[in-house]
Amino acid sequence: MNPRPGQPHTSSQETPRASQPPASSQPPADIRLGIVRGISYGLFGPPDEFVPQARGLGARLVRAYVYWGQIERTPGQDDWSVVDTFLDQLDGTEEVWVTVCSSSSWATRQPTDFLPPSPAHDLTAYTDFVRRLVTHCAGRVHYWQCDNEPSNTGLLWAGTAPEYLRQLKAMYAAVKEVDPTADVVLGGCGYDVLGGEPGGPAREFFDHLAREGRDYFDVFDVHLYGEPARILDHLATARSLMRAHGYEKPVVVGEYRGPTPFWFPGAMAMITETMMSAFAGATEAVTEASTGAPADLSTAALRARAGRETPERRAMRALYARPDVPPELAMFLADCPPDLAARRRRMGCRDLVMRNLLALSAGVRRTICWDLAPEVPGRVDHLTMAHLMYATFPLLDYEGTKLNVRHPEAETFALLARQLAGARAVIRRPVPGRPEVAAFDVDRGAVPPLLVVWDEECDLLDGEDLPARPAEVPWSALDEDSAVDAVGAVDVFGAAVAVETRPASVVVPVSVTPVFVSPVAVEGP
C-alpha cells in the first residue's frame, strides 16, 4: 500500500513495463477503520449522500462499487453522474477504495447490469474503460479493486481463474498508466477460500491468482465473516497463499461483520432442511440448476422475480412458519422478538471491536466494515436468503430518504474509531494465569496508550449472562516512571467501568464485553 496524505495526487502517463514486477508495497504507518457503502451505489435508485455519514462515524476510508454498465451504458458513451455524485462528497481527508465490477449489458459474456460480472468480450474495451474511469477520478481514489470474491463463481464472477487474471492484468496496466501511486487490490478472498480445504475449488482458484498474478496487484484483500476465534487462522491462510510462491504483500480486511447464521450449526441445519424440503420437486429450480449457467441477477430480472412465488420464497415462508426455530436462528428473522433482536445487536457491537483488534494485532492496517446502509430506502423483501444472512449488518438506516438512523453497532464503531485515533500498532499481551483473557496494548503515538480487554472463551450469544471476573492485567502505562495520575474505562456500549490501578498493572472486570482502559478519562458515545 502506498501511504499518502489526504490531498489528491497528480496523475502520470508513465506506463510500467509488464515484464517488470511492481515495486514492493509497504504497509502505511497509520491504522484506518473504513466502511463500505454496500454492493451497489446508484444502481437500484438515485445515488444519495453517504460519505459524510460514514465520516461522521469516524471512518477514514470509504469503499464503493462501480459497475461497468453504470458508466458506459452503450459503446463509447460515458455517463459520469453516479461517479461524480460520489466524488463530490469527498473532502480529501479520507482514503477511497473503488471496486470495479465488469458487469455490462453489451460488453461482457453474460449480459447484466448487476451480477454476476463476467469476462469482457474485448479486453481492449475493458482496459480503455478502466483507463477513462481512473483518469476521471483524477487521483482521488487510492485503491482500485478488480471485481469482488471471484472464487464465488456463478454469483460474483461468471468465469474462470485465468479469465479473471487476464482482466486483473488489464486493470493493473490501466491504473498504473494513469496513476502509478494508486494501489490495485486483488478481488476479495472470502470464506469459501479461507474456510475451505486445501485442494478445494475455491482454494485452487486463489492459488492460481497468487501464483500467476503476483506482479499485478499491490494489496491482498481478505473478508472476515467467520467466528472471531478463526480470524488469526484466516489471515495466516491468506498470507500462506502468497508465501507459497515466494512473496508477501500487505493484507487488508476489505469486509468483515458478525454474527451470521453460519456461526451456529443448529441454525444452518434448520435452514438446509427447510430449503431442501421447499425445493424438492421445484421444476423451475431444477431446470435452472441443471444448465450450470450463472444466475441472472440483473436489475430487470430481480424486479421481475420480486412478484413471483419462487422456491426460495416458499422455503423462507416455511422457515418463518416453523414453531421450533431456535434463538440462534430466530434472531436473524424479520419478526424477531425485540429482546432477542437487542441481544443480537449487542453481539454485533462486541464482535465489531473483537474483530478489529484481532486483525490489527496480526499486522493488518486497514479494515472495512460491511456495511453502511441498505441499498435504497423503503421496505426490503424479507423472504430471501440474502435478507436472512445480511440484513442485520447495516450500521445506519433511512429516515425517509436520509441516512439519519444510527443502530447500536454504529455507535460502537464511532466509539472504537475515537479510541483508535492515532493508533500505530496493536500488540496482544499475555495475562499471567488467565489464558482466557484477551488483552491488547494500543500504541496511539502522541495520545496516551490504550488497553482493550475481554474474555474470549465466553460464548458471544449466552456469555453476557455470565458475571464479569476481575483480572490483573500487566500494563506498561502504569510503570513506576510513568506520569499517569488516573485511569478511566468504558465498555463497547459506552458505559463506565470501574477499574483498579496497581503498580505496572490494572485490575479489570473481564467478561464477554470488551473494555477500553485509558490513562485519561474515556468518553462514551
Side-chain angles (χ1 to χ4, degrees), residues 11-22 65-80 83 97-137 141 143-180 182-189 204-221 293-294 296-298:
S11 296
S12 169
Q13 297 302 313
E14 181 183 357
T15 305
R17 292 183 295 167
S19 60
Q20 294 293 324
Y65 279 69
V66 168
Y67 292 80
W68 189 353
Q70 273 186 292
I71 297 171
E72 193 175 5
R73 300 182 187 277
T74 57
Q77 299 295 318
D78 292 336
D79 178 354
W80 299 108
V83 174
W97 171 323
V98 173
T99 299
V100 182
C101 293
S102 61
S103 301
S104 168
S105 61
W106 60 269
T108 54
R109 178 188 297 161
Q110 175 153 328
T112 182
D113 59 350
F114 184 37
L115 297 176
S118 60
H121 291 310
D122 181 353
L123 203 57
T124 299
Y126 173 77
T127 305
D128 289 344
F129 161 69
V130 174
R131 186 183 296 113
R132 294 195 308 275
L133 174 60
V134 178
T135 300
H136 187 84
C137 291
V141 175
Y143 307 101
W144 293 98
Q145 184 171 38
C146 183
D147 289 287
N148 181 57
E149 293 194 15
S151 58
N152 193 341
T153 53
L155 178 62
L156 298 178
W157 173 247
T160 64
E163 288 172 330
Y164 174 84
L165 183 60
R166 284 195 286 274
Q167 288 197 178
L168 176 68
K169 291 180 179 180
M171 170 177 275
Y172 186 88
V175 169
K176 297 299 182 178
E177 175 185 336
V178 177
D179 185 0
D183 284 322
V184 174
V185 185
L186 185 64
C189 182
E204 287 297 308
F205 190 108
F206 256 85
D207 185 68
H208 179 85
L209 301 186
R211 181 178 67 251
E212 303 297 331
R214 61 177 293 170
D215 293 343
Y216 303 100
F217 72 94
D218 304 302
V219 180
F220 194 102
D221 175 22
D296 181 5
L297 295 176
S298 65

Residues in side-chain hydrogen bond (donor to acceptor under 3.5 Å, both in side chains) with Ser151, at least two apart?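 Partners of Ser151 by the side-chain hydrogen bond (donor to acceptor under 3.5 Å, both in side chains) criterion, ordered by chain and then number, come out as Asp192.
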Just jot down the side-chain hydrogen bond (donor to acceptor under 3.5 Å, both in side chains) partners of Tyr65, sequence neighbours excluded, or say none.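 Result, side-chain hydrogen bond (donor to acceptor under 3.5 Å, both in side chains) vs Tyr65: Arg63, Asn148.
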What is the minimum heavy-atom distance between Leu209 and Ala161, and which atoms define it?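 It is CD2-O, 3.7 Å.
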So which atom in Val184 and which in Lys176 form the shortest heavy-atom distance, rounded to 0.1 Å?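 Smallest interatomic distance, heavy atoms only, reads CG2-CE, 4.4 Å.
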Of all residues at least two apart in sequence or in a different chain, which pass the salt bridge (charged side-chain N to carboxylate O under 4.0 Å, His left out) check with Asp207?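 If we apply the salt bridge (charged side-chain N to carboxylate O under 4.0 Å, His left out) test to Asp207, skipping adjacent residues, the hits are Arg211.
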Could I get the full list of salt bridge (charged side-chain N to carboxylate O under 4.0 Å, His left out) partners for Arg131, not counting sequence neighbours?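 Per chain and number, Arg131 pairs via salt bridge (charged side-chain N to carboxylate O under 4.0 Å, His left out) with Asp128, Glu177.
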Atom [atom1] of [X] and atom [atom2] of [Y]: how far apart are they, to the nearest 0.5 Å?
| X | Y | atom1 | atom2 | value |
| --- | --- | --- | --- | --- |
| Tyr172 | Leu165 | OH | CG | 13.0 Å |
| Tyr216 | Cys146 | OH | SG | 13.5 Å |
| Phe129 | Ile71 | CZ | CD1 | 4.0 Å |
| Asp113 | Cys101 | CG | SG | 11.5 Å |
| Asp183 | Asp218 | CG | CG | 4.5 Å |

Would you check if Tyr164 and Leu186 make a side-chain contact, meaning some heavy-atom pair closer than 4.5 Å?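 Result yes, sub-4.5 Å side-chain heavy-atom pair found.
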Summary of salt bridge (Lys or Arg N to Asp or Glu O under 4.0 Å) pairs that have at least one residue in residues 144-173, sequence neighbours excluded: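 Every salt bridge (Lys or Arg N to Asp or Glu O under 4.0 Å) pair that includes a residue of residues 144-173, provided the two are not neighbours, is Arg109-Glu163.
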Which residue pairs pass the salt bridge (Lys or Arg N to Asp or Glu O under 4.0 Å) test with at least one member in residues 67-76, sequence neighbours excluded?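 Passing the test, one end in residues 67-76: Glu72-Arg132, Arg73-Asp79.
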Set out, in order, the CA-CA distance, both residues' side-chain angles and the distance that settles side chain to side chain contact (heavy atoms under 4.5 Å, CB included) for Val130 and Val175, then state yes or no. CA-CA 7 Å; Val130 174; Val175 169; 4.2 Å; yes
May I ask you to decide if the ring planes of Trp97 and Tyr143 are parallel, tilted or perpendicular, using 30° and 60° as cut-offs?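 Tilted: the ring planes of Trp97 and Tyr143 meet at 30° to 60°.
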Look at the side chain of Asp296 and the backbone N and O of Ser298, then say whether any donor-acceptor pair between them is shorter than 3.5 Å.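 At least one qualifying donor-acceptor pair exists.
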Given 3.5 Å as the limit, does a donor-acceptor pair link the side chain of Ser102 with the main chain of Ser118, or not?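 Checking the backbone N and O of Ser118 against the side chain of Ser102, a donor-acceptor pair under 3.5 Å is found.
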